[in-house]
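Below, read A as the first sequence line, B as the second, and so on, with proteins coming before strands; counting in each chain starts at 1. What you see below is based on every heavy atom in this structure, not just the backbone, and it leaves out hydrogens, waters and symmetry mates.
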Amino acid sequence: MDPITRGLSILLLGGGLLVVGPGEAAAQAREDEVTHEVTAQVRSYQHVSLAPLPSFAAGPGPPRTVSTTYSVVTNDPEPRRLVASVEGPTPDGVMVWIELEPPEGAAPAGDEAVQVVGPDADRGPTPLVTGIEQVSATDLDVRYTMETTVAADPGDKQVRLEFELVP
Amino acid sequence: MSLVGRSVVGGVVLLMLGPLAAHGQSLLLEGGPPQLQIDRFVPGKTTASATDASSTLVYTRASGDEELPLKVSVSTSAPGQQFGLAVAAEDPTHGTPTGPVPLRDGMAPADLLRDLTPCAEAEGACEEETTLRYRLRAAVEDGPGTDRHVVRFTLLAQ
């Protein structure tokens, strides 16, 4: 093909593109396609709850143990600890130990049950379970052991414990 | 083939590849924008979900016996997507929903609504609609975060 013919053929083909190409339609808003933005959010969530604990009577003598269950949920990638704190005054002569079954991947804070009320207990947050990573577990065992001494006054005693998940 | 013949063939090919917009079909989104949020997990369950049905997709069908049936496809762009998201066409006034479509960043368009046949010629164009139900699903292992999707709906020949 000579140069003049080649140039003319390119001009004619280019003219066809201008007449029938999609450029003109693309320059307008396309009615056959629409978009919108969708937001999907998951919030940080930590939760611990204990089933009601039956009241139990104890007098001077061997310790008594009762059991219940607890649930724990966290989606935070940072490992958490489950700690217990005593709220309000504690009665004299009463000692309470707690032992929690850890969820999968976590571990008890100590080798034995932790004293949370009594002469060896801290009033501040006492770690019970450590290394709790992203988990949703329920029906985990909790064992409360209570021991009283002769220093305890007879009658109903109330001990309030607060449990929480902390970094 | 002559020079003129080659030009005509090129023009015909380009005509066949043109868009649908000039033929009276169209899409429109009403309501929304969808915002889904998970703020708790039930103890013992490792996943949670949330739904949103605040948006409506309005689609106009042209009239005429010779028009091909149409469909609506869906895709999304969501860089860094963490969570599972799906959309379904719920209770469409015309057409066949395909069921929930998983939305993954960079996916190829997937069919959402099919069998959009033309209206009877005497009716002119028909306006139909369907509710868009989004479902967010996340696991505790996914952690917290926010995904932002740009979801695209396209009306095209089936």
Grouping I, L, V, M, F, W and Y whenever their side-chain heavy atoms are under 4.5 Å apart, do [X] and [Y] come out in a common cluster?
| X | Y | answer |
| --- | --- | --- |
| V116(A) | W97(A) | no |
| L161(A) | V48(A) | yes |
| L165(A) | I98(A) | yes |
| L112(B) | L28(B) | no |
| L100(A) | M146(A) | yes |

Which atoms of [X] approach chain A - backbone, side chain, both or neither, heavy atom under 4.5 Å:
| X | result |
| --- | --- |
| V74(B) | neither |
| S75(B) | neither |
| F83(B) | side chain |

Just so I know, are the side chains of [X] and [Y] near enough to count as touching, which here means a heavy-atom distance under 4.5 Å?
| X | Y | result |
| --- | --- | --- |
| L57(B) | V34(A) | yes |
| D142(B) | N75(A) | no |
| E37(A) | H149(B) | no |
| H36(A) | L132(B) | yes |

For [X], is it the side chain, the backbone, both, or neither that has a heavy atom closer than 4.5 Å to a heavy atom of chain B?
| X | result |
| --- | --- |
| H47(A) | side chain |
| V135(A) | backbone |
| T74(A) | backbone |

task: Give the member of P103(A), P77(A), A137(A) that has the highest number of heavy-atom pairs under 4.5 Å with chain B.
output: A137(A)

query: Out of T35(A), V72(A), V38(A), L140(A), which one racks up the most heavy-atom pairs below 4.5 Å with chain B?
result: V38(A)

query: Okay, side chain of S136(A), backbone of V140(B): is any donor-acceptor separation there less than 3.5 Å?
result: no

- prompt: Side chains of T39(A) and Q35(B): do they bring a donor and an acceptor to under 3.5 Å?
  reply: no

message: Is a donor from one side chain sitting under 3.5 angstrom from an acceptor on the other, for Q134(A) and E141(B)?
response: no

statement: Note: P43(B) and S71(A) closest approach over all heavy atoms is CB-CB, 3.6 Å

- prompt: If you round to the nearest 0.5 Å, how far is CZ of R43(A) from CG of D39(B)?
  reply: 6.5 Å

- line: dist D32(A):CG -> L156(B):CG (nearest 0.5 Å) comes out at 8.0 Å

task: Take atom CZ of R152(B) as the centre, draw a 6.0 Å sphere, and report whether it contains more than 12 heavy atoms from other residues, nucleotides or ligands.
output: no

task: Could you tell me which of V87(B), L29(B), L136(B) has the largest number of non-hydrogen atom pairs under 4.5 Å with chain A?
output: L29(B)

- prompt: What is the ring orientation for Y45(A) with F41(B), classed by angle as parallel under 30°, tilted 30 to 60°, or perpendicular over 60°?
  reply: tilted

